[in-house]
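A quick write-up on the structure given underneath.
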Amino acid sequence: ASYESRRYGCRSAQPMVQALRLCPRAIVVPPRPDLYREASRAFHAILRGSSPLVESAGLDEAYVDLTGVGGGGAGGAVERAAIAGACDRIRSELGLPVSACVAGSRTTAKVGSDRAKPDGLIVVEAGGDAAFLAPVPVRELPMVGPRMAQELAASGVATIGELAALDRRWLQVRFGRVGAAVHDRARGRDPSPVRAQPRSARSVSREVTFGADVLDRDTLRRTLARHAERVGRDLRADGRRARTVTLKLRWGDFQTLTRSRTLERPTHATRALAAAGEELLDGVLAERGRRGVRLIGLAASNLVAEDLQLGFDAAAGPAARASQRAGARAATRGRPGAAPAPRGAPARGAGEEADGGSLPGE
DNA sequence: TCTGGGGTCCTAGGACCC
DNA sequence: TCTGGGGTCCTAGGACCC
């Protein structure tokens with residue numbers, strides 16, 4: 001939604017009917033994903049001109065690590081010049097508005113660039129992150145969504161500064177790990193590094209919302225089969241196989257549920273994905289009866305790389321995996337006479353879990 | 001905000017194993 | 001046989017992000 005249309009209440013993710021009701025004179029432009037991808041490539045390329053350390057955060061957003069670029073000069077003048085130059089190129093070469101923020105942490109940079117919209121540049125002086133964030137409403141801090149903002153408001157916390165002043169343990173008890181993470185970020189501390197190398201996907205999925213609630217089982221099956229085909233194609237193109245298949249359903253009343261199954265052996269075959277999905281669907285329909293379905297989705301997760309999964313053919317199934325684990329443990333202990341670990345043993349986790357289950361980038 | 005589609009990560013309980 | 005602790009995996013759901 002353009003900034004002009006937003007004045008009438010149009011937003012992203014809004015059904016077209018509703019947008020046109022709010023703004024009848026709006027100009028409707030058909031989406032052109034190829035064009036966006038091309039512009040995105042050019043956008044990232046320009047940023048890489050200011051620093052090699054560029055992390056993409058989607059088609060139209062990126063973090064640039066400028067550490068070392070400025071040489072610690074006063075007021076961030078060199079950093080400002082580097083980013084201002086990149087922004088000018090984006091405007092002149094791509095014809096796109098762009099907003100940016102130079103700051104000491106990526107969280108502050110994110111908050112600042114949102115505040116610089118639609119076409120501005122904000123520079124936060126070195127060491128000034130916490131002071132810059134303090135007056136900003138908590139909802140503008142990444143990781144604070146509608147739910148957390150509401151709970152914080154109930155405790156009288158409206159700004160990021162007030163969040164920063166809270167007791168860390170209280171936040172942790174109330175919100176778990178996210179509580180501690182937002183506390184750090186509210187104070188201008190953000191341990192997550194800028195990663196130039198994108199991590200490989202953890203899951204691949206397709207879903208569709210029907211125009212009208214669907215009761216017909218065949219329609220659901222066919223839709224699921226189409227999802228399976230696309231998910232399978234993506235997996236094969238990526239050289240990966242999935243161990244877990246998840247079905248997602250949303251009923252007419254918007255209530256949403258998921259059902260998942262972990263397969264004996266990982267697959268990227270359309271048929272296997274579809275079969276697992278159908279089985280899950282049959283299970284839900286048997287248990288819940290006939291209800292209108294508004295959305296149906298299929299996801300593949302627990303992904304293993306193609307070249308690492310060969311061993312699974314010889315050693316599939318829970319029992320075999322357990323003995324694999326035992327074998328691997330024995331091998332690690334170096335017990336004399338212990339069976340060598342099967343070839344497939346390192347498959348799970350090798351490369352997949354390299355940076356653990358921590359918060360993004362921590 | 002009557003609500004798309006594609007993702008990520010966390011949590012919590014239960015099963016199972018040592 | 002009973003009890004307990006710790007670890008991992010699986011499943012379901014939820015918050016959040018672009």
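Note that these values count all heavy atoms, side chains included, but never hydrogens, waters or copies made by symmetry. Chain letters run A, B, ... following the sequence lines, proteins first, then strands; residues in each count from 1.
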Do the side-chain N and O atoms of S105(A) and D190(A) include a donor-acceptor pair separated by under 3.5 angstrom? no

Taking side-chain hydrogen bond (donor to acceptor under 3.5 Å, both in side chains) as the cut-off, I'd like each qualifying pair that reaches into residues 226-235 of chain A, sequence neighbours left out, listed once. R206(A)-D234(A)

Of all residues at least two apart in sequence or in a different chain, which pass the side chain to side chain donor-acceptor pair (under 3.5 Å) check with D238(A)? none

In whole Å, I'd like the distance from the CZ atom of R11(A) to the C1' atom of dC18(C). 15 Å

If you measure from the C1' atom in dG4(C) to the same atom in dC17(B), how many Å do you get, rounded? 14 Å

Taking for Q18(A) and for V204(A) the nucleotide of DNA chain B with the nearest heavy atom, the one nearer the 5' end belongs to Q18(A)

Not counting sequence neighbours, which residues clear side chain to side chain donor-acceptor pair (under 3.5 Å) with E287(A)? List them please. R259(A)

By side chain to side chain donor-acceptor pair (under 3.5 Å) - contacts of D218(A) (at least two apart): none

Only pairs at least two apart or in different chains count here, so list each side-chain hydrogen bond (donor to acceptor under 3.5 Å, both in side chains) that has a residue in residues 158-167 of chain A. D167(A)-R169(A)

Taking dG5(B), dC17(C), dC9(B) as options, the one with an atom nearest any side-chain atom of R202(A) is dC9(B)

Residues clustered with F254(A), ILVMFWY side-chain links under 4.5 angstrom: none

Nearest to the side chain of R206(A), which nucleotide is it out of dG6(B), dG4(B), dC9(B)? dG6(B)

Does any non-hydrogen side-chain atom of L53(A) lie less than 4.5 Å from one of L66(A)? no

Verify the contact: side-chain N or O of T209(A) to OP1 or OP2 of dG5(B), cut-off strictly under 4.0 Å; return yes or no. yes

Between which residue ranges does DNA chain B form stems of three or more consecutive Watson-Crick or G-U wobble pairs, both distances under 3.5 Å? B:5-18 with C:5-18

Contacts to DNA chain C from residues 245-260 of chain A, heavy-atom cutoff under 4.0 Å, which residues? L257(A), T258(A), R259(A), S260(A)

Can a side chain N or O of R243(A) be found less than 4.0 Å away from OP1 or OP2 on dC10(C)? yes

For DNA chain B, what residues of residues 29-63 of chain A have any heavy atom nearer than 4.0 Å? none

Spacing between E151(A) atom CD and dG14(C) atom P, to the nearest angstrom: 14 Å

Do D282(A) and R217(A) come close enough that some side-chain heavy atom pair is under 4.5 Å? yes

Hey, does the side chain of R139(A) come within less than 4.0 Å of dC17(C)'s phosphate (OP1/OP2), counting only N and O? yes

Rounding to a whole Å, what distance do you find between R230(A):CZ and dG7(B):C1'? 17 Å

When you get a sec, tell me which of dC16(C), dC10(C), dG5(B) is the closest nucleotide to the side chain of E207(A)? dG5(B)

With side chain to side chain contact (heavy atoms under 4.5 Å, CB included) as the test, would you mind laying out the steps for V304(A) and R240(A) before giving the verdict? CA-CA 6 Å; V304(A) 289; R240(A) 317 186 76 196; over 6 Å; no

Between A13(A) and P146(A), which is nearer to the 5' end of DNA chain B once each is assigned its nearest nucleotide? P146(A)

Between P on dG6(B) and CZ on R233(A), what's the gap in Å once rounded to a whole number? 12 Å

Could you tabulate the donor-acceptor pairs under 3.5 Å formed by side-chain atoms of residues 10-21 of chain A, not counting sequence neighbours?
residue	atom	partner	partner atom	Å
Q14(A)	OE1	R11(A)	N	2.9
Q14(A)	NE2	G9(A)	O	3.4

Check this for me, if you would: do R294(A) and D253(A) make a salt bridge, where the nitrogen-to-carboxylate-oxygen distance has to be below 4.0 angstrom? no

What pairs of nitrogen or oxygen atoms, one from the protein and one from nucleotides 11-13 of chain B, lie under 3.5 Å apart?
residue	atom	partner	partner atom	Å
dT11(B)	OP1	R177(A)	N	3.2

So which heavy atom on S260(A) is nearest to which on T244(A), and how close? CB-CG2, 4.2 Å

From the candidates dT1(B), dT8(B), dC10(C), the one with an atom nearest any side-chain atom of A201(A) is dT8(B)

Rounded interatomic separation in angstrom, taking CD from Q14(A) and P from dT3(B): 9 Å

note: L295(A), atom CG; dT3(B), atom P; distance rounded to Å ~ 14 Å

Quickly work out the R106(A) CZ to dC17(C) P distance and round it to whole Å. 13 Å

All side chain to side chain donor-acceptor pair (under 3.5 Å) counterparts of D60(A), not counting sequence neighbours: none

Value in whole Å for how far the P atom of dC17(C) lies from CG of L141(A): 9 Å

Looking only at the side chains, is there a donor atom on one of R236(A) and H268(A) sitting less than 3.5 Å from an acceptor on the other? no

Taking the side chain of S205(A) as its heavy atoms from C-beta onward, which of dG6(B), dG5(B), dT8(B) lies nearest to it? dG6(B)

